[in-house]
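All remarks here apply to the structure that follows.
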Amino acid sequence: MVVLLAGGAGFIGSHMAVELLNNNYDVIIVDNFQNSKKEVINRIKKLTGKDFLLYEYDLLDSLKLNEIFVSNKIDYVIHLAALKSVGESVLNPMLYYRTNLNITINLCEAMKNNGVKNIIFSSSACVYSEKNQMPLTEDSEIGNCSNPYGWSKFMSEQILKDISVQNPDWSVVCLRYFNLIGADESGEIGEYSENPKNLPPIILNVATSKLDFLKVFGNDYETLDGSCIRDYIHITDLVKGHISAIKYQEKHKGFDIFNLGTGKGTSVFELVETFEKINNVKIPLKIESRREGDIAISYCSVQKANDILNWKAEKMIEDACSDMWIWQNKNPFGYNKN
């Protein structure tokens, strides 16, 4: 079986490629390396001992994208490609709508033109309304997104749902990711950013003195310790969820949605304390005022994924804290040489 990984050189994509290759799928990676490094390709080959096709194309180029489908027999598409900075999306909404929505449309058009009928879309917990009670289920209210990035995921889901109605022989699975953390246990691949916006790589930057302290936005929420609570899922568990989704698609058509999380919330302070304990590293904190748009608690129910996909997260927060520190120590400058 051949899987096309759209955005396959990024943090999620690199781990996804390793998992697919280790499960004997043939892989085609398409990436423009705007938010990734070419060195990751060598790391994937090193970890798996396998080769794969790589196209350094921009997925906004519909002609080049269609050429890939014409030249290769593709069975599944895993759509990971998107701009993903919440803050940037607020500052430049048109860029996010133009990029994220057009990539989804281009992929679907290329699929339809070439008889490919299976797609897994990397969606986000951002599509859920802030009005919901916890835990979030797949039937919880969506919309009222707080930023254009979330709306672009919401709209892409709608596009895929409409396409599946018009094409009942398609199998479309939207996987709503919660908060990603961790790295491959080998330390060969992981997440690195010189200016990260999400909590785990910021913790690493503080641990290595690239930043003086970790800003905690609010310690007066209605939670046990006053800090925000999120559902942190290890990257390895997340990519395994996609393998389960592919197996589901082998026997099911239509449109479906699954949460990928742990079903458990962890506060900012709990995550920091666990990282400090596991790795014997001190993380200085600075308490700031609440950040606009943040909600106190967000975690999901994973019962549907457990029951239908036969999948559940297996790694703990302790595993994630250990793995991301191994990655950091082996790669202090990420995929850069120095």
Discussion item. We want to know whether Glu109 and Asn113 form a side-chain donor-acceptor pair, criterion being a heavy-atom distance below 3.5 angstrom.
Written reply: no
Item to complete: Could you grab the distance from atom CD of Glu67 to atom CG of Asn72, nearest 0.5 Å is fine?
Response: 11.0 Å
Worksheet entry | Salt bridge Asp256-Lys304, side-chain N to carboxylate O under 4.0 Å | yes
Discussion item. Could you measure the distance from the CD1 atom of Ile120 to the CG atom of Leu160? Nearest 0.5 Å is fine.
Written reply: 11.5 Å
Discussion item. Within this structure, what is the CZ-CD1 distance for the pair Phe11 and Ile235, rounded to the nearest 0.5 Å?
Written reply: 4.5 Å
Discussion item. With a 4.5 Å cut-off on side-chain heavy-atom distances among I, L, V, M, F, W and Y, is there a chain of contacts connecting Val2 to Val27?
Written reply: no
Worksheet item: Between the side chain of Tyr335 and the main-chain N/O of Gly190, is any donor-acceptor distance below 3.5 Å?
Response: yes
Worksheet item: Would you say Asn167's side chain and Trp170's backbone share a donor-acceptor pair under 3.5 angstrom?
Response: no
Worksheet item: How long is the span from the CD1 atom in Ile283 to the OG1 atom in Thr274, to the nearest 0.5 Å?
Response: 11.5 Å
Worksheet item: Any idea which heavy atoms bring Ala82 and Asn100 closest together, and the distance?
Response: CA-OD1, 3.4 Å
Worksheet item: Less than 4.0 Å between a side-chain N and a carboxylate O, is that true for Asp237 and Lys240?
Response: no
Worksheet item: With distance as the sole test, does Ser164 use its side chain to make a donor-acceptor pair with the main-chain N or O of Lys161 at under 3.5 Å?
Response: yes
Worksheet entry | Residues Glu191, Asn198; criterion side chain to side chain donor-acceptor pair (under 3.5 Å); working and verdict | CA-CA 11 Å; Glu191 183 176 19; Asn198 51 319; 3.1 Å; yes
Worksheet item: Got a donor-acceptor contact below 3.5 angstrom from the Asn144 side chain to the Ser129 backbone?
Response: no
Practice prompt. Could you tell me which non-hydrogen atom of Asn331 sits nearest to which non-hydrogen atom of Gly187, and how far apart they are?
Written response: ND2-O, 2.8 Å
Discussion item. Please give me the minimum heavy-atom distance between Ser322 and Asn279, naming the atom from each residue.
Written reply: CA-OD1, 3.9 Å
Discussion item. Checking Gln34 against Asp31: is there a side-chain donor and acceptor pair closer than 3.5 Å?
Written reply: no
Worksheet item: Side chains of His234 and Asp319: donor-acceptor distance under 3.5 Å anywhere?
Response: no
Discussion item. Using 0.5 Å steps for rounding, measure from the CG atom of Leu214 to the CD atom of Glu288.
Written reply: 10.0 Å
Discussion item. Quick one, Ile74 with Asn114, criterion side chain to side chain contact (heavy atoms under 4.5 Å, CB included). Give me CA distance, side-chain angles, the key distance, then yes/no.
Written reply: CA-CA 9 Å; Ile74 296 167; Asn114 295 280; over 6 Å; no
Worksheet item: Do Asn132 side-chain atoms and Glu141 backbone N/O form a donor-acceptor pair below 3.5 Å?
Response: yes
Fill in: Reference residue Ser123; test side chain to side chain donor-acceptor pair (under 3.5 Å); the match among Lys153, Glu157, Arg176, His79
Glu157
Fill in: Chi angles and distances behind the side chain to side chain contact (heavy atoms under 4.5 Å, CB included) call for Phe258, Asn306
CA-CA 10 Å; Phe258 299 93; Asn306 291 172; over 6 Å; no
Worksheet entry | Donor-acceptor contact present, side-chain Glu188 to main-chain Lys46, <3.5 Å | no
Worksheet item: For residues Glu250 and Asn118, is any side-chain donor paired with an opposing acceptor at under 3.5 Å?
Response: no
Discussion item. Please tell me whether Tyr97 and Asn92 have a donor and an acceptor in their side chains that are separated by less than 3.5 angstrom.
Written reply: no
Response to the item:
Closest non-hydrogen contact found for Lys50 with Lys45 is O-CG, 3.6 Å
Worksheet entry | Shortest non-hydrogen separation from Ser186 to Leu47 and the atoms involved | OG-CD2, 3.3 Å
Discussion item. Set out, in order, the CA-CA distance, both residues' side-chain angles and the distance that settles side chain to side chain donor-acceptor pair (under 3.5 Å) for Thr137 and Asp139, then state yes or no.
Written reply: CA-CA 5 Å; Thr137 73; Asp139 294 322; 4.8 Å; no
Discussion item. Quick check on Lys38: does its NZ atom have over 12 non-hydrogen neighbours (other residues, nucleotides or ligands) under 6.0 Å away?
Written reply: no
Worksheet entry | Over 12 foreign heavy atoms within 6.0 Å of NZ, Lys312 | no
Worksheet item: Short question: side chain of Asn102, backbone of Leu60 - any donor-acceptor pair under 3.5 Å?
Response: no
Worksheet entry | Asn42 versus Glu39, side-chain donor and acceptor atoms under 3.5 Å | yes
Response to the item:
Across all chains, not counting sequence neighbours, the side-chain contact (heavy atoms from CB on, under 4.5 Å) partners of Pro332 are Gln328
Worksheet item: Do other residues, nucleotides or ligands put more than 12 heavy atoms under 6.0 Å from the CG atom of Asn280?
Response: no
Item to complete: Keeping the roles fixed (side chain from Asp61, backbone from Leu63), state whether a donor-acceptor pair exists under 3.5 Å.
Response: yes
Discussion item. Under a plain distance cut-off of 3.5 Å, with no hydrogens placed, do Asp162 and Gln166 share a side-chain donor-acceptor pair?
Written reply: no
Discussion item. Are the side chains of Lys37 and Asn336 in contact, using a 4.5 Å heavy-atom criterion?
Written reply: yes
Practice prompt. Begin with the C-alpha distance, continue with both residues' side-chain angles, and end with the deciding distance and a verdict on side chain to side chain donor-acceptor pair (under 3.5 Å) for Tyr128 and Asn259.
Written response: CA-CA 11 Å; Tyr128 287 114; Asn259 287 332; 2.7 Å; yes
Practice prompt. Would you tell me whether Thr48 and Asn22 have side-chain atoms, one donor and one acceptor, within less than 3.5 Å of each other?
Written response: no
Worksheet item: Please walk me through it: do Thr208 and Lys210 pass side chain to side chain donor-acceptor pair (under 3.5 Å)?
Response: CA-CA 6 Å; Thr208 54; Lys210 294 183 180 73; 3.2 Å; yes
Fill in: Basic-acidic side-chain contact under 4.0 Å: Asp220, Arg290
yes
Discussion item. Does the plane of the ring in Trp151 sit parallel, tilted or perpendicular to the ring in Phe154? Use 30° and 60° as the thresholds.
Written reply: perpendicular
Worksheet item: So, the side chain of Ser171 versus the backbone of His252: is there a donor-acceptor pair under 3.5 Å, distance only?
Response: yes
Worksheet item: Under the side chain to side chain contact (heavy atoms under 4.5 Å, CB included) criterion, do Ile181 and Leu271 qualify, and how do the steps go?
Response: CA-CA 11 Å; Ile181 193 170; Leu271 178 57; 3.6 Å; yes
Worksheet entry | Nearest heavy atoms of Ala245 and Val173, plus distance in Å | CB-CG1, 4.3 Å
Worksheet item: Hey, what else clusters with Leu95 if you join Ile, Leu, Val, Met, Phe, Trp, Tyr whenever side-chain heavy atoms sit under 4.5 Å?
Response: Leu83, Val86, Tyr96, Tyr149
Discussion item. As a quick check of understanding, evaluate side chain to side chain contact (heavy atoms under 4.5 Å, CB included) for Met1 and Asp26, giving each step before the final call.
Written reply: CA-CA 6 Å; Met1 293 289 185; Asp26 293 316; over 6 Å; no
Worksheet item: Quick one: is the NZ or CZ of Arg230 closer than 6.0 Å to the six-membered ring centre of Phe178, and within 45° of its axis?
Response: no
Worksheet entry | Tyr248 side, atom OH; Asn310 side, atom CG - distance, nearest 0.5 Å | 13.5 Å
Worksheet item: Any side-chain donor-acceptor pair under 3.5 Å between Ser227 and Asp225?
Response: yes
Discussion item. Would the distance check show the side chain of His242 and the main-chain N or O of Met16 forming a donor-acceptor pair, the cut-off being under 3.5 Å?
Written reply: no
